[in-house]
Enquirer: 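Take this structure first; my questions come after.
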Amino acid sequence: MIKCLNLKKIYPLKAGAGYAALQGVDISVEKGEFISICGPSGCGKSTLLNILGFLDTPSEGRYFFEGNDVSGFDDSKRAFLRRSKVGFVFQSFNLLPKLSVIENAMLPLLYLGKKRKEAMERTKAILDKVGLSAKAENDVMELSGGERQRVGLARALANEPQMLLADEPTGNLDSQNSAQVMDLLFDINRSSKMTIVMVTHDNKLAQMTERIIRIKDGKVEK
Amino acid sequence: MRFSEILRIALLEIKGHKMRSFLSFFSISIGVISIMYTLTLIYSMNFRLKKAVEVAGPGRINVELKKRWEAQSDAEKKEAREALTYADSIAIKKAFPELYMVSPYKDKWVEFSDGYFTDYVSVRGITTQWKKRGWVYKLRGRFINEYDIENAQRVCVVIKEGGWMKKPKWMKFYSYSDPLQNYVKHSELLGKTIKLGNGLYKVIGVLEEPPAEKNPRSFVGVGMWEPKVLVPITTAQKFLSGWGDNAGDAIDGIHVDTGDPATIEKYKRQIEQALKSLHGKNLRFNIKDYREVMKDQMADKRRDMLTVMIIGIIAILSGGIGIMNVSLAAIYSRIKEIGIRRSIGAGRKDIMLQFMTEAMLLGFFGGVAGVIAGFAGIQYLAYKGDQNMAMLSWWMPLAAVAAAVFTGFAASIYPARTAAKLDPIEALRYE
Ligand SMILES: Nc1ncnc2c1ncn2[C@@H]1O[C@H](COP(=O)(O)OP(=O)(O)O)[C@@H](O)[C@H]1O
Ligand SMILES: [Mg+2]
């Protein structure tokens, strides 16, 4: 599914030569796998996941997605990949506060050019899956943290992505809600053979997945 | 993203910030109102100018005795003793036979009476040349001929106004109605003998004007009013003249049409020369290109128009700046939203389009509000009798709204580009 060769990310700094957040990362993920990327805070997990999710570009190295080298893709090609190939779940949910649950969840379909009615119907089914159909018309600001993250999950799944990327999806949740979100992720992985890459600093959560990639100081730990 | 969705977001955003939206569309509206007003003025003025020249003739020159109050100096006032004469007009015609029309006239204010109806009316003495321009009439009976003029016959021709097929709103409350016209409307004068001043005259013809809608004269307006009773000029001199300046061979003026606007300047000079050689310094007269006369009449309207136009441009510009300011401020309060939208697949184009649509929609609403207000205002002025406002064309509201939308478009290019250029990650991280 994905293969990274010698990925480097260097952030320019105001003084000095720049900060190397990723210092040559090689990873590969097979289709249908549920893996976790684990490591202490600040080690470069989010930087890596952003690159995997076409939100960011590597400074050096190659990133192959479904066999294509996408490391040199321009903004519009990356936007296309984001809306058609991957779903992204954020630690802080990143929902639009002015919109209702269903409107948030169906946004990716609208950016794919789907008609509102069709988008509504497809999104309703997904909200059903994450157990939120009763609150579809609610404002997202009225929801609890766990519910919000499930909206985030529904939104990530709306465009039927090839791969789900989750950056500390339970980082802002209590243990009960965390468990619920984790259950949903496992369920999605199992039932639709969805490839999932989850970033976490929590060893216990990481251990629940099929495979762990440990990162330290911008490098994969052997 | 479908355009309907972009429109929806824009509408929500406008609705979500009512005051902010209202302020930017308010000045757009004012701009649009002034644009409409100016367009209507320009359009009506040009239309009337065209009609006036059409009626008066393309190469029209007016020769008039200079009024006493127009004299420059005391000396001039004293010197200006001699009147313009019928003989002058004959001399001009003889000197320049190629002139299409040389039409002398003499107006008199006299009592009109036919035994039933009595009123003071203005009578114009003319020659057969009068027929040559602005002949829009249907003639019943006959017109004044050479014989009538040579022999100073006591005959007259009455003009009957055409009225309106459908009276326009702005005329409904225009209360003046000419008593003679009211009388002529209801009674047949052709063949009758009437009294003008102290003499009896036979009505040999009635000139029926077409309905006002079809009469180019009705759009000409002020300054073009002409007496509605015509007599041979010689008759007017012989039987209707007063004393002093006005006696003898005196006339009020000569209407000349060279037939071609290109020759106006040339003949203006030559006729002036001819008149000077006939009268020397004793005749003070004006010789005017008719287009200049019309333009003078419209000059103050033009000044109004310019002022309004400038106000309009300023208003619409400040509306545009308002929109730009609002859009820029909106970007800063919406960086996070832009980041979120980008992270789930919105392209730069989507973001750009969203901001531009919002601004153009603001312009559109402001434009429509302005058009409605402007339309109402213009209707009101027209209703109050301002003829300049009578000619509102279908394309004017469209042009005004287009200008407003364009303002929104132009004002949003920079903010929209700024929004679209934001880096998704940095925008997401923004709090
Ligand atoms: N835009 C940036 N500019 C400079 N440094 C950055 C930027 N983004 C992240 N970093 C640095 O890169 C390192 C890795 O960040 P990140 O990938 O967010 O870590 P993690 O998600 O593992 O906590 C951190 O030290 C962070 O300070
Ligand atoms: Mg992180």
Side-chain angles (χ1 to χ4, degrees), chain A residues 9 11 21 46-47 49-51 53-57 74-100 103-120 140 151-152 154-159 161 165 167, chain B residues 1-21 326-327 329-358 361 416-431:
Chain A
K9 181 72 186 180
Y11 288 115
S46 294
T47 305
L49 201 70
N50 288 342
I51 292 170
F54 317 111
L55 276 166
D56 208 350
T57 49
D74 66 10
D75 187 273
S76 74
K77 280 183 177 164
R78 276 185 284 125
F80 171 76
L81 289 174
R82 286 200 294 275
R83 69 175 164 264
S84 54
K85 300 290 186 185
V86 298
F88 218 107
V89 179
F90 302 91
Q91 176 174 0
S92 54
F93 323 134
N94 282 344
L95 302 175
L96 293 177
K98 284 177 246 171
L99 301 184
S100 70
E103 280 175 324
N104 262 286
M106 73 188 206
L107 263 183
L109 289 174
L110 297 181
Y111 281 113
L112 272 174
K114 297 279 182 263
K115 278 192 193 138
R116 193 170 182 86
K117 218 173 131 204
E118 187 193 341
M120 281 270 194
V140 290
V151 178
R155 183 180 65 186
L157 294 171
N159 58 349
L165 303 171
D167 192 350
Chain B
M1 188 175 252
R2 284 170 181 261
F3 189 66
S4 61
E5 282 306 317
I6 291 180
L7 214 60
R8 184 191 205 91
I9 299 170
L11 279 170
L12 278 175
E13 205 53 42
I14 288 172
K15 225 175 98 186
H17 302 94
K18 288 198 186 63
M19 194 61 195
R20 198 177 75 181
S21 306
V326 162
S327 307
I331 290 171
Y332 294 116
S333 64
R334 281 161 75 184
I335 288 182
K336 180 89 176 176
E337 177 193 331
I338 294 166
I340 293 171
R341 288 181 184 276
R342 295 278 275 136
S343 74
I344 59 168
R348 288 197 162 140
K349 244 197 273 168
D350 292 308
I351 303 295
M352 181 122 182
L353 214 59
Q354 186 177 321
F355 275 87
M356 298 196 74
T357 305
E358 199 180 310
L361 215 56
R417 275 175 57 99
T418 310
K421 272 198 293 201
L422 286 173
D423 179 66
I425 304 256
E426 276 168 32
L428 265 181
R429 204 178 284 137
Y430 188 88
E431 286 304 332

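In what follows, chains carry the letters A, B, and so on, assigned in the order in which the sequence lines appear, proteins first and then strands, with residues in each chain numbered from 1.
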Enquirer: Using a heavy-atom distance cut-off of less than 4.5 Å, which residues of residues 111-118 of chain A contact chain B?
Expert: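 The residues closer than 4.5 Å to chain B, in numerical order, are A:Y111, A:G113, A:K114, A:K115, A:R116.
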Enquirer: Can you say whether B:R8 sits under 4.5 Å from chain A via the side chain, the backbone, both, or neither, judging by heavy atoms?
Expert: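 Answer is side chain: those atoms of B:R8 sit under 4.5 Å from chain A.
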Enquirer: Considering all heavy atoms of both residues, which atom of B:I340 and which atom of A:L95 are nearest to each other, and what is their separation?
Expert: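 Looking at all heavy atoms of both residues, the shortest contact is CD1-O, 3.7 Å.
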Enquirer: Evaluate the side chain to side chain contact (heavy atoms under 4.5 Å, CB included) criterion for residues B:R334 and A:L96: first the C-alpha distance (whole Å), next the side-chain angles of each, then the deciding distance (0.1 Å), finally the verdict.
Expert: CA-CA 10 Å; B:R334 281 161 75 184; A:L96 293 177; over 6 Å; no
Enquirer: The test is side chain to side chain contact (heavy atoms under 4.5 Å, CB included); show your working for B:I344 and A:R155 and say whether it passes.
Expert: CA-CA 8 Å; B:I344 59 168; A:R155 183 180 65 186; 3.7 Å; yes
Enquirer: For A:R83 and B:G345, work out which heavy atoms get closest and say how close.
Expert: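 Answer, listing the atom of A:R83 first, then B:G345: NH1-O, 2.6 Å.
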Enquirer: Can you find a heavy atom in the side chain of A:R82 that is under 4.5 Å from one in the side chain of B:P424?
Expert: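 With C-beta onward as the side chain, the pair touches.
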Enquirer: Is there a side-chain contact between B:I9 and A:K98 in this structure, where contact means two heavy atoms from C-beta onward sitting under 4.5 Å apart?
Expert: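 B:I9 vs A:K98: side chains apart.
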Enquirer: Please find the pair of heavy atoms, one from A:A79 and one from B:G347, that lie closest to each other, and give the distance.
Expert: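 Here A:A79 and B:G347 meet closest at CB-CA, 3.9 Å.
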Enquirer: Between A:V86, A:L81, A:L107, A:L109, which residue shows the highest count of heavy-atom pairs closer than 4.5 Å to chain B?
Expert: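 Max contact count across the listed options: A:L107.
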Enquirer: If you count heavy-atom pairs under 4.5 Å between each of A:F54, A:F88, A:F80, A:F90 and chain B, which one has the most?
Expert: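 That would be A:F90.
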Enquirer: Specify which of B:K336, B:R348, B:E337 makes the most heavy-atom pairs with chain A at under 4.5 Å.
Expert: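 Highest number of heavy-atom pairs under 4.5 Å: B:R348.
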Enquirer: So which part of B:E426 gets closer than 4.5 Å to some heavy atom of chain A, the side chain, the backbone, both or neither?
Expert: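 Looking at B:E426, nothing touches chain A.
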Enquirer: Just how far is it from atom CD1 of B:I425 to atom OG of A:S46, taken to the nearest 0.5 Å?
Expert: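 Here the rounded value is 9.0 Å.
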Enquirer: Against chain B, label A:N94 side chain, backbone, both or neither, depending on which of its atoms sit under 4.5 Å from a heavy atom there.
Expert: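 Looking at A:N94, backbone and side chain both touch chain B.
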